[in-house]
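Residue numbering restarts at 1 for every chain, and letters A, B, ... go by the order of the sequence lines.
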Protein chains: 2
Amino acid sequence: MGPTQEDVAKRARVSRALVSLVMRDSPNVSEQRRRRVLRAAEELGYRPNAFARSLASKRLHTIGVLINDVTNPYFGGVYSSLATAAEAAGFDLLVAPGTRSADKEAALVRTLLEHRVAGLALLSPLMTTKELRSLTSSWPTVLIGRDAALPGVDVVTTDELQAARLVLGHLTELGHRHIVHVTGGANRSARDRASGYRTAMRELGLESRELPGAFSHEAGQVAAREILTMAPRPTAVVAANDLVAVGAMGVFESHGLRVPDDLSVVGYDDSQIARLDLVQLTSVCQGVDHFGSAAVRLLLRRIDDPETSRAVERIETTLVVRRTTCPPRSSSVVA
Amino acid sequence: MGPTQEDVAKRARVSRALVSLVMRDSPNVSEQRRRRVLRAAEELGYRPNAFARSLASKRLHTIGVLINDVTNPYFGGVYSSLATAAEAAGFDLLVAPGTRSADKEAALVRTLLEHRVAGLALLSPLMTTKELRSLTSSWPTVLIGRDAALPGVDVVTTDELQAARLVLGHLTELGHRHIVHVTGGANRSARDRASGYRTAMRELGLESRELPGAFSHEAGQVAAREILTMAPRPTAVVAANDLVAVGAMGVFESHGLRVPDDLSVVGYDDSQIARLDLVQLTSVCQGVDHFGSAAVRLLLRRIDDPETSRAVERIETTLVVRRTTCPPRSSSVVA
DNA sequence: GCTACTGATTAGAGCGCGCTAATCGGGTAC
DNA sequence: GTACCCGATTAGCGCGCTCTAATCAGTAGC
């Protein structure tokens with residue numbers, strides 16, 4: 001099983017306790033001893049045992065992360081920023097790979113808890129708020145990409161209303177009035193996004209119209225066919241994410257409609273797909289890079305003081321305008 | 001820190017040892033006691049402490065996974081299959097988030113080893129073979145998506161030669177003769193892919209031609225511009241992956257060339273992007289689903305017997321023909 | 001000389017659990 | 001009743017480490 005502090009101590013002819021002090025970078029160790037210990041450790045190829053360490057210290061250096069769907073690059077981005085922030089704070093990450101099924105999530109979180117993670121970061125969990133409450137009631141938890149009114153659970157999420165204002169501001173400025181939203185489904189994140197759309201439309205004095213969907217390419221296709229039957233046809237589509245947007249665009253084009261000339265399309269995520277030369281989708285950039293640092297900050301705060309009041313951090317978005325939006329065809333811009 | 005077996009034992013009025021037996025599903029526990037213990041555990045909300053458990057048992061249930069680039073959905077797919085297989089075998093995964101930089105990788109692997117993982121699964125590591133050797137020399141390790149001739153290190157990878165034969169077989173059958181390859185760069189995986197292309201071309205009696213690239217959209221664009229200057233212009237392009245393919249396609253189209261009519265394009269990964277309605281890229285599907293089970297199988301074998309001889313498992317690929325390949329324009333199919 | 005004090009080192013008690021070996025209790029055989 | 005056995009239960013050590021408290025050496029002060 002590899003050498004232990006005991007072995008290192010023996011080789012360096014010092015006590016085991018001293019080895020422990022050196023490993024923990026204690027200041028009160030003479031330079032002479034420190035060097036002797038480090039050399040012995042080096043020679044033996046000693047590696048600290050993270051288990052024994054956390055067992056003894058009870059101060060864990062691991063944050064448990066639940067990812068709802070690993071194959072979704074959006075989560076990859078969030079995770080990546082989380083990893084950077086966690087590393088900077090001296091934490092490891094233990095990841096539970098989600099499978100897009102709500103019931104498995106509970107088991108995954110349980111596994112994380114068995115590893116006595118210092119805190120939980122849950123990326124867009126699908127489980128119900130009730131389950132969430134029972135699982136996280138006694139652990140520092142931060143929700144990412146999903147809101148939930150749970151006491152003691154911090155939240156980092158996109159500012160959906162601000163995002164919607166950004167999108168609709170852009171579209172109305174171009175002259176659009178008839179703008180539909182293809183939703184991401186019945187889950188909480190999707191509902192928040194739809195709600196942002198609805199509010200922003202109302203603020204603009206426009207009538208909102210939603211088509212139920214999902215965060216998938218297929219959902220975009222289905223919704224697009226629906227849109228084609230609408231009369232009068234909307235002049236702009238706000239899709240729940242890029243995948244949906246691109247799915248819809250495919251259908252539009254195969255029906256002889258040109259994007260953006262006949263129909264403007266906006267997505268969310270500013271994903272790789274949106275950036276493709278072939279696509280150049282106007283998309284909402286959710287500032288995913290800020291998610292990680294915000295989440296880690298909130299988590300550390302709560303680990304430090306579990307009783308601190310609930311914080312909700314809404315990350316501002318930006319709109320990346322590309323080539324799928326332009327003024328509507330037969331309509332001049334109305335001031 | 002939550003209740004321990006001690007607490008459960010006290011509540012159930014039995015010994016701590018019995019609680020331990022119940023938790024490990026020992027057969028020699030009376031049904032009566034078992035129920036009493038389980039009920040007490042339930043009431044207290046007891047969760048086993050994974051650290052203490054592995055400290056005591058020395059049999060770890062965790063596999064360490066190094067992912068080279070989390071934001072790449074290809075790795076998401078591999079990871080996902082790995083997760084499924086690991087779970088089926090009763091293992092947890094501890095993930096180290098790669099950052100596409102070779103020197104950080106070593107530190108990440110070290111972290112994994114500190115967690116005394118039972119084995120390592122490295123997804124397309126970028127580090128040199130030398131580093132790889134020194135890090136993995138004494139731990140069960142499986143390399144995924146990259147080959148390396150290291151004793152005691154198993155490998156699961158795409159069968160690049162078979163894949164190249166598949167692609168080139170398809171293209172030559174359509175009538176193509178002048179087929180170039182945009183590589184993924186100087187890393188090992190890319191070189192293996194290029195090597196497969198070269199060999200398969202030679203087998204077909206064709207002259208190979210490679211353009212240096214990277215696994216990115218931009219690299220595809222750069223290569224495409226290069227291709228446009230070639231005379232005679234190739235009739236087909238085999239890109240290192242889908243991203244490269246799509247990058248190239250964008251440039252082709254913006255130069256008035258139509259895919260596939262003027263130029264056939266094939267990618268690798270059969271990614272979400274390839275499947276988009278707007279893209280419909282013919283692509284090599286690398287059977288990523290099989291990676292995980294193969295890797296876990298090899299790893300368990302080696303954990304069981306570290307001295308077992310090195311195994312290299314090459315996963316067969318399939319070609320998903322979509323709409324970016326067709327017979328070359330001004331050339332009839334030659335028998 | 002003795003005490004007081006400072007900084008370096010060590011002894012030793014756990015952390016929560018697994019596991020071996022010892023013990024217990026209640027049949028069965030005679 | 002005694003001897004024996006076998007399944008059920010428990011005592012207690014050790015995993016590799018952290019951390020408090022104790023010890024040790026060395027210096028200063030008087």
Interatomic distance, [X] [atom1] vs [N] [atom2] [rounded to whole Å]:
X	N	atom1	atom2	result
A/Glu6	C/dG12	CD	P	13 Å
B/Asn28	D/dG7	CG	P	8 Å
A/Leu18	D/dC17	CG	C1'	15 Å
B/Arg13	D/dA8	CZ	C1'	20 Å
A/Leu21	D/dT18	CG	C1'	9 Å
A/Arg34	C/dG7	CZ	C1'	14 Å
A/Arg33	C/dG7	CZ	C1'	13 Å
B/Phe51	D/dT18	CZ	C1'	14 Å

Residue closer to the 5' end of DNA chain C, A/Ala52 versus B/Met23 (nearest nucleotide):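 Mapping each residue to its closest nucleotide by heavy atoms, the 5'-most match is A/Ala52.
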Taking the side chain as every heavy atom from C-beta outward, state whether B/Arg13 and B/Arg36 have any atom pair closer than 4.5 Å.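 They are in contact (side-chain heavy atoms under 4.5 Å apart), so the answer is yes.
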Answer whether the closest heavy-atom distance between the side chains of A/Leu123 and A/Val65 falls below 4.5 Å.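 Yes. Closest side-chain heavy atoms under 4.5 Å.
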Counting only side-chain heavy atoms from C-beta out, which of [options] sits nearest to [X]?
X	options	value
A/Ser15	D/dC17, C/dT10, D/dC15	C/dT10
A/Thr4	C/dG16, C/dT9, D/dG16	D/dG16
A/Ser30	C/dA8, C/dG18, D/dC17	C/dA8
A/Arg53	C/dC15, D/dC17, C/dT10	D/dC17
B/Asn49	D/dT9, C/dC17, C/dA8	C/dC17
B/Tyr46	C/dA8, C/dC17, C/dC15	C/dC17
B/Ala17	C/dT10, D/dT10, C/dC17	D/dT10
A/Val14	C/dT10, D/dC17, D/dA11	C/dT10

What nucleic acid atoms does B/Gln5 come within less than 4.0 Å of, heavy atoms only: base, sugar-phosphate, or nothing?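 Sugar-phosphate: the residue B/Gln5, judged by heavy atoms under 4.0 Å, touches backbone atoms but no base.
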Kindly determine whether B/Glu31 and B/Arg35 satisfy salt bridge (Lys or Arg N to Asp or Glu O under 4.0 Å), including the steps that lead there. CA-CA 6 Å; B/Glu31 193 53 33; B/Arg35 263 208 277 274; 3.7 Å; yes
Without swapping roles, check the side chain of B/Asp192 against the backbone of B/Ser189 for a donor-acceptor pair under 3.5 Å.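 Between the backbone of B/Ser189 and the side chain of B/Asp192 there is no qualifying donor-acceptor contact (under 3.5 Å).
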Main-chain N/O of A/Val153 paired with A/Arg302 side-chain donor or acceptor, under 3.5 Å: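 Not a single qualifying donor-acceptor pair exists.
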Has the side chain of A/Arg16 got a donor or acceptor that lies under 3.5 Å from a partner of the other kind on the base of C/dT9?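 By the distance-only test, no, there is no pair.
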Does a side-chain N or O of [X] approach OP1 or OP2 of [N] to a distance below 4.0 Å, or not?
X	N	value
A/Arg24	D/dC19	yes
B/Ser20	C/dG18	yes
A/Gln32	C/dA8	no
B/Ser57	C/dC17	no

As a test of understanding, state which of B/Arg146, B/Arg297, B/Arg301, B/Arg314 forms a salt bridge (Lys or Arg N to Asp or Glu O under 4.0 Å) with B/Asp154.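 Going through the options one by one, the only one that passes is B/Arg301.
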